[in-house]
Protein chains: 2
Amino acid sequence: MNEQPKGEGQPRRRVRADAQRSIDTLLAAAAEVFASSGVDAPVREITARAGVGAGTLYRHFPQRADLIAAVFRREVDACADAAASLAAEHEPVDALAGWLRRFTGFIATKRGLSAALHSGDPAYDSLPAYFDERFVPVLGGLLDTAARTGRIRADIDPKDLLRAVANVTLPAQDDDGHTERVLALLVDGLRYGASRAS
Amino acid sequence: MNEQPKGEGQPRRRVRADAQRSIDTLLAAAAEVFASSGVDAPVREITARAGVGAGTLYRHFPQRADLIAAVFRREVDACADAAASLAAEHEPVDALAGWLRRFTGFIATKRGLSAALHSGDPAYDSLPAYFDERFVPVLGGLLDTAARTGRIRADIDPKDLLRAVANVTLPAQDDDGHTERVLALLVDGLRYGASRAS
DNA sequence: TGCGAAGCGGAACGGTGTTCCGTAACATCT
DNA sequence: AGATGTTACGGAACACCGTTCCGCTTCGCA
């Protein structure tokens, strides 16, 4: 549950108790603030909610981006882990569609983050990699299992589908079922040509 | 070619000559700066290039967002107008695919703008409407014509497809053909079920 | 319990978007 | 053309934000 940012080689120094407390408080406060005010919320709003000074934040997260990244990773993990139970409880194609929907929900809370990702800030460099690292195997597994039923084509790169769904979902502002319909269109695209190729 | 921002009811007052000069210079400078440094470029960079003071900019574009919106509209028009010649020179389905590709190129230059659009700034409120107002009829026409050949399904809402393509294209950072492939997937989705319905 | 190191708060810094206002340029009427 | 009221101009000043700095406190170990 705890977290030590910037874990270079090994964490050679023990984390002092008050420092760990600050880190936890900051991550919790940041998650709340990001959820309610978006990732562009002023840093002072986070430090105020956490009841710490600005210096404390920057000691543990040298760049504002590092804090965002830390919060992000936690939520990526939660979404990726959801795939296992879906696969256990549903038919392959349903599990695939279901997880895509779950993934859609995850992405929907990330408004404003895509902008940050493409800002060129090197602090975000590791995020897309982590995103792929966790999600590509998950979606790849669902896709393979579904393809083996023959009801879905087998020539889809998980990474492509992942990005497509994410990109379609992220900017959906006044979503009156738009995301649902496009997701359905993509799944139809998957079904098209299910008969050819292996 | 000229432009008078904020045209409320009627433009009841003539625009003074020096003011029109400032507006034109600012729009030109802004277009260049946005293209080279993105929409997040400092205002002072634009005023410097235009050779005007900050007060002049804010007199004509009360919010930074108003300037962005004005530049944006010009380029929307250019892209929408491209559809006519495509429709005249290609088969319906090719014209459709061709314009989607052209549209893709337009969107690709708008990185960072999507972030602005979803920032909640009321100054951008009219942009999506203008975007739809210009593009939906254009894509709708291409879609109808293509559907009448029977090689494309007829139950697609132009607005859905428009947003889907835009959303897929906008965040494409390291595009190694990703956009192309997803676009193809969407067009396959259009072909799927072309036989059923009218 | 004493002491060096790590952590803490918050004032201060540099840079940004935006406002303000004295001055200059324009359009109109005589 | 000259006078005059209105509109626009430039750039210094303001408010806010991310980030840095540093004197003081707290922690962990012997």
Side-chain angles (χ1 to χ4, degrees), chain A residues 2-6 8 11-27 29-30 33-34 37-70 112 115-116 119-124, chain B residues 2-6 8 11-27 29-30 33-34 37-70 112 115-116 119-124:
Chain A
N2 289 353
E3 206 134 335
Q4 309 172 18
K6 288 276 148 193
E8 323 241 353
R12 59 191 83 261
R13 282 196 194 287
R14 273 208 37 164
V15 184
R16 240 173 68 170
D18 53 351
Q20 187 64 58
R21 218 177 309 133
S22 293
I23 292 172
D24 292 341
T25 310
L26 276 169
L27 282 175
V33 170
F34 289 161
S37 309
V39 285
D40 290 330
V43 167
R44 288 179 231 275
E45 189 178 336
I46 297 170
T47 57
R49 179 182 285 255
V52 306
T56 302
L57 191 161
Y58 280 92
R59 163 164 290 268
H60 301 298
F61 305 96
Q63 306 275 356
R64 170 203 180 71
D66 296 322
L67 175 61
I68 295 174
S119 66
D121 189 325
Y124 293 119
Chain B
N2 290 349
E3 206 135 337
Q4 308 171 18
K6 286 280 154 193
E8 322 241 353
R12 61 192 78 264
R13 284 198 190 288
R14 275 209 36 164
V15 184
R16 241 173 66 172
D18 53 349
Q20 186 63 58
R21 219 179 306 134
S22 292
I23 291 172
D24 291 342
T25 312
L26 276 168
L27 281 175
V33 170
F34 289 161
S37 309
V39 285
D40 290 330
V43 167
R44 289 180 229 277
E45 189 179 336
I46 298 170
T47 57
R49 179 182 285 254
V52 306
T56 302
L57 192 160
Y58 280 93
R59 161 164 290 267
H60 300 298
F61 305 97
Q63 306 276 354
R64 168 202 182 73
D66 295 322
L67 175 61
I68 295 175
S119 66
D121 188 324
Y124 293 119

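Quick note on labels: first sequence line is chain A, next is B, and so on, each numbered from 1.
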For S22(A) and dG7(C), is the shortest distance between a side-chain N/O and OP1 or OP2 below 4.0 Å? no
Measure the distance from CG on D66(B) to C1' on dT18(C) and round it to the nearest whole Å. 13 Å
If I take atom CZ from residue F34(B) and atom CD1 from residue I46(B), how far apart are they, to the nearest 0.5 angstrom? 4.0 Å
Respond yes when some side-chain nitrogen or oxygen of T56(A) is under 4.0 Å from OP1 or OP2 of dG9(C), and no when none is. yes
Counterpart residues, salt bridge (Lys or Arg N to Asp or Glu O under 4.0 Å), relative to R16(A) (two or more places apart): D18(A)
Please tabulate, one pair per line, each protein N/O and nucleotide N/O from nucleotides 16-20 of chain D that are separated by under 3.5 Å, including the distance.
{"residue": "dG18(D)", "atom": "OP1", "partner": "V43(A)", "partner atom": "N", "Å": "3.4"}
{"residue": "dG18(D)", "atom": "OP1", "partner": "R64(A)", "partner atom": "NH1", "Å": "3.2"}
{"residue": "dG18(D)", "atom": "OP2", "partner": "V43(A)", "partner atom": "N", "Å": "2.7"}
{"residue": "dG18(D)", "atom": "N7", "partner": "R44(A)", "partner atom": "NH2", "Å": "2.8"}
{"residue": "dG18(D)", "atom": "O6", "partner": "R44(A)", "partner atom": "NH2", "Å": "2.8"}
{"residue": "dT19(D)", "atom": "OP1", "partner": "Q63(A)", "partner atom": "OE1", "Å": "3.3"}
{"residue": "dT19(D)", "atom": "OP2", "partner": "Y58(A)", "partner atom": "OH", "Å": "2.6"}
{"residue": "dT19(D)", "atom": "OP2", "partner": "R64(A)", "partner atom": "N", "Å": "3.2"}
{"residue": "dT19(D)", "atom": "O5'", "partner": "Y58(A)", "partner atom": "OH", "Å": "3.4"}
{"residue": "dT19(D)", "atom": "O4", "partner": "R44(A)", "partner atom": "NH1", "Å": "3.4"}

Please encode protein proximity along nucleotides 23-30 of chain C as a string of B, S and -, counting only heavy-atom distances under 4.0 Å. --BSS---
Nearest whole angstrom, please: distance from the P of dC9(D) to the CD of Q20(B). 11 Å
Locate the shortest heavy-atom distance separating V52(A) from L26(A); write the atom from each residue and the value. CG2-CD2, 3.8 Å
Hey, could you give me each pair passing side-chain hydrogen bond (donor to acceptor under 3.5 Å, both in side chains) that has a residue in residues 46-56 of chain A? Not counting sequence neighbours. E32(A)-R49(A)
Whole-Å distance between dT7(D) P and I23(B) CD1? 15 Å
If we ignore hydrogens and angles and just use 3.5 Å, is the side chain of D66(A) paired with the main-chain N or O of Q63(A) as donor and acceptor? yes
Measure from CG on L57(A) to C1' on dG10(C) and round the result to the nearest Å. 13 Å
Steps toward side chain to side chain contact (heavy atoms under 4.5 Å, CB included) verdict (I68(A), F61(A)): CA-CA 9 Å; I68(A) 295 174; F61(A) 305 96; over 6 Å; no
Interatomic spacing from CG in L27(B) to NE2 in H60(B) - rounded to 0.5 Å: 10.0 Å
Specify the closest pair of heavy atoms between S37(B) and E45(B), including all atoms of both residues, with the distance to one decimal. OG-OE2, 3.2 Å
Atom NE2 of H60(B) and atom C1' of dT19(C) are separated, to the nearest Å, by 16 Å
Can you list the residues that meet the side chain to side chain donor-acceptor pair (under 3.5 Å) rule with T25(B), with sequence neighbours excluded? none
Would you indicate what T47(B) reaches in the nucleic acid, counting non-hydrogen atoms under 4.0 angstrom: base, sugar-phosphate, or nothing? nothing
The helix from dT1(C)-dA30(D) to dT30(C)-dA1(D): angle between terminal helix axes, five bp per end, to the nearest 10 degrees, reads 10°
Can you tell me how far C1' of dC8(C) sits from CZ of R59(A), to the nearest Å? 8 Å
Please round to the nearest 0.5 Å and tell me the distance separating atom CZ of R59(B) and atom CD1 of I23(B). 10.5 Å
